[in-house]
Structure formats: structure tokens, C-alpha cells
Amino acid sequence: MAKYQQDVQTLLEKIGGKGNIQAASHCMTRMRFVLVDPKKADEKAIEQIPSVKGTFTQAGQYQVIIGNDVANFYQEFTKFAGIEGVSKDAVKSAAKTNQNPVQRIMGALGEIFAPIIPALICGGLVLGFRNIIGEVDLLNGRTQSLADVSQFWAGMYSFLWLIGEAIFHFLPVGITWSITKKMGTTQILGIVLGLTLISPQLLNGFSVATTPTSEIPVWDFGFAQVQMIGYQGQVVAAILAGFVLVYLEKFFKKICPEVISMVVVPFCALVPAVLIAHTVVGPIGWKIGDFIANIVNMGLASNFKLVFAALFGLLYAPVVMTGLHHMTNAIDSQLVNTYGGTNLWPMIALSNIAQGSAVLAMSFLQKRNERAQQVNIPACISCYLGVTEPALFGVNMKYGFPLICGMIGSACGAVISIGTGVTAISIGVGGLPGILSIYPEYWMNFLLAMAAAIVVPFVLTYIVGSRKLSKEDRVMEPAPATPVIEESAPAAVEAPAAAITLKAICDGHTLPLSEVPDDVFSKGIMGEGMAFEPTGDTIYAPADAKVTVVMEDSRHACGLQLADGTELLIHIGVDTVDMKGDGFTLFVHEGDTVKAGDKLITFSPDKIAAAGHPKTTVFIVTEPAGHNRMTFHTGIDVQHGETAAAELA
């Protein structure tokens, strides 16, 4: 009998049957489906299957998380279902047919902004601290700021602008780089294009509105003149310019002989792209960006602004679940750069808080359900720090009413925020820390809005949950008592698992798992662990072990089992499965026995970077085998085989 026979049968039934599967594939940890009708998949029933650790939909793919043994599960599934597996590229292509044009555009925007978000968050925090240092009068009867009375803080106030300017004024560089990264073209050309949009030779984009037309410098080509205007902080113009470069490079790569491609393609792509950026798409993008910002600003400043705020606050969380919320990053950035601030971002931070407060109420309601608390508590903390997806997908949408209660609380907070004129100086800092991005004169107003976003969802969720939650949801039943076996000698007590020290798997720097840009890993769905940012090109065994699984085709990951049954997963890079093994070399195969420090896999950092993927390497304990306490040493520099990376006790 096949190992997963019952689970495979159930999954096929609950996913909508063979006729609902358009394409199927797998990676190191999950099954990837493209479904004819995604609505036919019974997610709740699928997540109850013993082999399934979770499900989610991304970029048109329905993904079912299995774990290290996904290859065997996949083989049994395709054999039982009578379908043929296809390549991951084919799955991605098929997935696009499930997306309408709006979803594709929003998905593209999301992929463009995702790598930039850490910088935006950092910039928001920097400007927030800068506000506190130089804009808030806390001293001498509230007449002077720290910068007014201290040379050190005055210097710090000036210094922090260096970072804030680099992030927000030079945003076009990040955007054009990210577009080339997403589209798989030459990233350095994207960086150069971005630099030409904010060159110091140009009139600073923020000065255009106050500069007479006659004083704007021009390039004079004899038959035509082009204004030398910079695009500092412009979003739409940078996006359009980036795509012009991408498609020019792809065109010339297609028609140019390989032997001269290195010389011809960059020149023929970059020079026209820069010219088109400054003569056509730049001015058009500037107008589009201003138009969008003006429309939103009109809505926020009109007689109907409270209705606008209530609708935005109510609907933002559902919009996040569709992925359409990525558009707000572009709108917010445009508002900041056009008007010197945004009323939109405070409402986003309040929505984060409201959904987190709904989860907090669920945590109180389910305090006797240990399994639920393992999801509730991290999801609540994540929400309060500005990341709502764990709460939305893991808790609030699952039960329904917490989502609605959070939406109502978000609407209340948004109305207070807009009604009292709360304005953010920057974006990127969400949740409770979002107050650091607010102009100091609006702090009290924002605190009032925060109070509404905390209290209203909590009270509503608690009241509704007290009536709607079943006993099974509120209290986790204890496992049935083990029958007493009468013997002449007392039964042996199972000894606790022996402590194990796991060495670093590579040279580099360690990171918390939460910083991995892949939800399956960062949210702990596969288990506890850590990440490495390698400085070398080799991955080594952290302890004596047996190789239980390797990805022979993509060669980017492997699974290990220690002598006591503990199972580990090592996954090099994010989405590197798409590279089809290019740049990776395996030194082990399934069934091999390795010693601590043995070489497992080598990889090419340059090829991973050229493919547009992070080289962040994930290290997960997928099966703890009785180890109740796991300690991972993050935030340190390590050497393979020498530095202790983790202890299991």
C-alpha cells in the first residue's frame, strides 16, 4: 500500500478532481497546482489532511505545503490522479491564464515593490526618528527640540537626512533596478537608467513647480529642445522607463548575434531608453502620477472625505488578500513627493492595528487552545508591527467574523484619522510603530485613531466570538489517556531527547527566519529554524546525518535526518528552483551518510544574482523528534563546521 494513498485520494477529491487540474508540479516543500476553477478547492478540508501543513494561493498557483517528502507525495498523487507533471515554468505560464489583466498588473507591481519595501521601512523609521529629534519641541517649556539645544542631536538630525534622501528622493533607482530584476534582464543597466533620472546635472524634480519655465535648463539638439528635469521621488515615470529598457534589451538580445551581444545590446538598449525616458515616458509618467495623486488627494480633502475614509478603512484588509494593495505603495509615494505628506498611509497602519486587535481578542477567547495560540500570538505581533498576512490568512479569514470586526475597527480609526487631518511624512512603517511616520503635530490625533482601531475590533470580536466559537475552537481537548497495562514491573518512562549542537552550514551571517522573503519559511509553516546569508559558495552538513531527499533536477536543496530522527531542511536561495540547477552542484544523493562538515552543495552566487533571486539560505528543523527547546543563534557571523548555529534540547 502506498504511503500517502489516503491523503492523495482526499486531496484529489477536495481540490476538485482531475478535471479541475490544469497543471501540477512541485518544489522542495510544496505541491503547485494551476486549477481550472480555484473556487472548487475546499481549503479547510485540504488543510485537515494529515500530510498537509498549509495552503496558499500565489501568482495564480494553488500551493499545498507538504514538507521534505513532497517528491514521494507528488509521485503518488500524479500516479493516482492519472495526470502528468509538468515543469515549474509551465505551471507559471498556465497560472497566468487564471489572472485577469488587473491581477497581472497588480501582481507585477507587487513584485516590483517587494524588494524595495525593506528600504522604505528603514527610511520611514529614519525620518520618524528625525522628526522626534528636530521637529518635536519637548524642552524648555515645549519651545525647543533636542536639535535646538544639543550640537550632537543637531548633527544627528542633519546626518539622518542623508539616509532619508537616499531612499525617498532616489527611489527611481530602486524601481528601475527592481524591474530589471523581476524581468530577468541586466540589473546594472536598470541602476544606470535610474541614476540618469536623478542626476545632479538635472533640475531637481522637487524644484520644478517653483522654477519659471524660462529658467529650466534644456538639452538643445538644434531641431528640438528637451528640458533637463529630474524625476526625484517619481514612481510612475520610473516604472515606465524601466519597462522601456527591459523590452529594448530583450529585443536586441533576440536579433543580435551572441558573439557581439555583450557590446551591442547594452549600448542599443540603454541609450534609447534614457532618451525615451526623458522625452516621452518621463513626462507622461509625471502627468499620470500627478493625476493619480491629485484624484486621491481630492477624495481625502473633499466634503465626502469621511465617507472615502470609512470605505478605505473598511475595504483595505480584503484588498490586501487580493494583492491589489501594492498599488497603494505607488500612490503613497506619489502623494509624499507631490504634497510633502500622505493621509493614506496612516489609514493603512490603522488597518494593520485593527486586524491585529481582532486576533488579540481571538487569543483571549482561545487561551485554552494551545494549537490555536501557536498561530494567534505570532500573527497578532506581526500585525502590530505592520505585516497583516499571517493574521488575515491564518486567523481572521479562517473564522470570518474577526475579519469583519477588524474591518469595522479599521473604518472607525480611518474616519478619525482623516477627520482630524493626520498626515504621514513618509511610508513604510506600519502597525503600532506607524506613529513614527506621522508629523508630530498629529500624534495625539493618531493615538486617538489607534485607540479606536484597538478597542473596537477587540470588543466586537470578543462579543461575537463568545457566541459563535464552538467549544472545540475555544478549548483544545487533551489527548485521550493512555490505557494502563498491568505488568509486574513498572512501565519504562521515555527518556527526553539528547541535546544536539548543529554547526553552521556555511560561512556568512545568520538571520532570523522571519527575514526570509518567502512566507512558507518566514511564517514558520515548515517548522522553526534560521537563515544564512552566505559569503562563500558551499553548503556543509551541520552534523552527522543521513541524506533523506535531494532535488536532483534543481540541485538547490536537500533534507537530512539525524540519528535520533530529527529532520532538517536546507534550501539555498529563494525561488532558485526556477534556475533548473544552473549554477548548483550536488555532492550527495538520497540515502548517503554524511559527517559533520562534509560538503553537500556548491552554488554560484553570481548566477543566483543574475537570475534575480536572493541567495539567502534557509535552515529548518522540520521534525524535532522530541526536542522541546530549540535555540538558533541569529545576527552573528559564522564559519562552517566551527560556529555553533543551533542547539536542540
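As the structure is a prediction and not an experimental result, all values here were calculated from the model. Positions are given from 1 along the sequence.
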What distance do [X] atom [atom1] and [Y] atom [atom2] have between them, rounded to the nearest 0.5 Å?
{"X": "M262", "Y": "C256", "atom1": "CE", "atom2": "SG", "result": "11.0 Å"}
{"X": "I198", "Y": "L202", "atom1": "CD1", "atom2": "CG", "result": "8.5 Å"}
{"X": "L193", "Y": "I188", "atom1": "CG", "atom2": "CD1", "result": "11.5 Å"}
{"X": "F77", "Y": "S51", "atom1": "CZ", "atom2": "OG", "result": "12.5 Å"}
{"X": "T535", "Y": "K615", "atom1": "OG1", "atom2": "NZ", "result": "7.0 Å"}
{"X": "F619", "Y": "L569", "atom1": "CZ", "atom2": "CG", "result": "9.5 Å"}

pair [X]-[Y]: side-chain heavy atoms closer than 4.5 Å:
{"X": "F532", "Y": "I539", "value": "no"}
{"X": "H633", "Y": "V638", "value": "no"}
{"X": "I179", "Y": "I239", "value": "yes"}
{"X": "H278", "Y": "T196", "value": "yes"}
{"X": "T176", "Y": "T180", "value": "no"}
{"X": "Y74", "Y": "M31", "value": "yes"}
{"X": "L12", "Y": "I21", "value": "yes"}
{"X": "I601", "Y": "L586", "value": "yes"}

For this session: Begin with the C-alpha distance, continue with both residues' side-chain angles, and end with the deciding distance and a verdict on side-chain contact (heavy atoms from CB on, under 4.5 Å) for I570 and T617.
Result: CA-CA 7 Å; I570 299 172; T617 297; 4.1 Å; yes
Problem set entry | Audit row: L513, F632, side-chain contact (heavy atoms from CB on, under 4.5 Å) steps and yes/no | CA-CA 10 Å; L513 200 60; F632 300 94; over 6 Å; no
What closest approach, in Å, do [X] and [Y] show between heavy atoms, and which atom pair accounts for it?
{"X": "E249", "Y": "V265", "result": "CG-CG1, 3.7 Å"}
{"X": "A269", "Y": "L245", "result": "O-CD1, 3.8 Å"}
{"X": "A277", "Y": "A241", "result": "CB-CB, 3.8 Å"}
{"X": "T566", "Y": "P624", "result": "OG1-O, 3.5 Å"}
{"X": "D592", "Y": "H589", "result": "OD2-N, 2.7 Å"}
{"X": "L189", "Y": "P266", "result": "CD1-CA, 3.9 Å"}

Say whether, by atom type as modelled, one donor and one acceptor occur between the side chain of [X] and the main chain of [Y] under 3.5 angstrom.
{"X": "N20", "Y": "I15", "answer": "yes"}
{"X": "D598", "Y": "K595", "answer": "yes"}
{"X": "T510", "Y": "G635", "answer": "yes"}
{"X": "T622", "Y": "E567", "answer": "yes"}
{"X": "T501", "Y": "A644", "answer": "no"}
{"X": "K599", "Y": "F587", "answer": "no"}

For this session: Tell me, yes or no, whether the heavy-atom count around K546 atom NZ, taken from other residues, nucleotides or ligands under 6.0 Å, exceeds 12.
Result: no
For this session: Identify the residue among H613, H571, K580 that makes a side chain to side chain donor-acceptor pair (under 3.5 Å) with H556.
Result: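 When H613, H571, K580 are each tested with H556, the side chain to side chain donor-acceptor pair (under 3.5 Å) holds only for H571.
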Exercise. In terms of ring plane angle, is the pair H640 and Y540 parallel, tilted or perpendicular, where the classes change at 30° and 60°?
Worked result: parallel
Problem set entry | Verdict with reasoning, L562 to L568, per side-chain contact (heavy atoms from CB on, under 4.5 Å) | CA-CA 8 Å; L562 308 185; L568 310 174; 4.1 Å; yes
For this session: Starting from the C-alpha separation in whole Å, work towards a yes-or-no answer on side-chain contact (heavy atoms from CB on, under 4.5 Å) for F584 and K607.
Result: CA-CA 9 Å; F584 296 87; K607 288 190 174 182; over 6 Å; no
For this session: Give a yes-or-no answer on whether the side chains of T631 and E647 include a donor-acceptor pair shorter than 3.5 Å.
Result: no
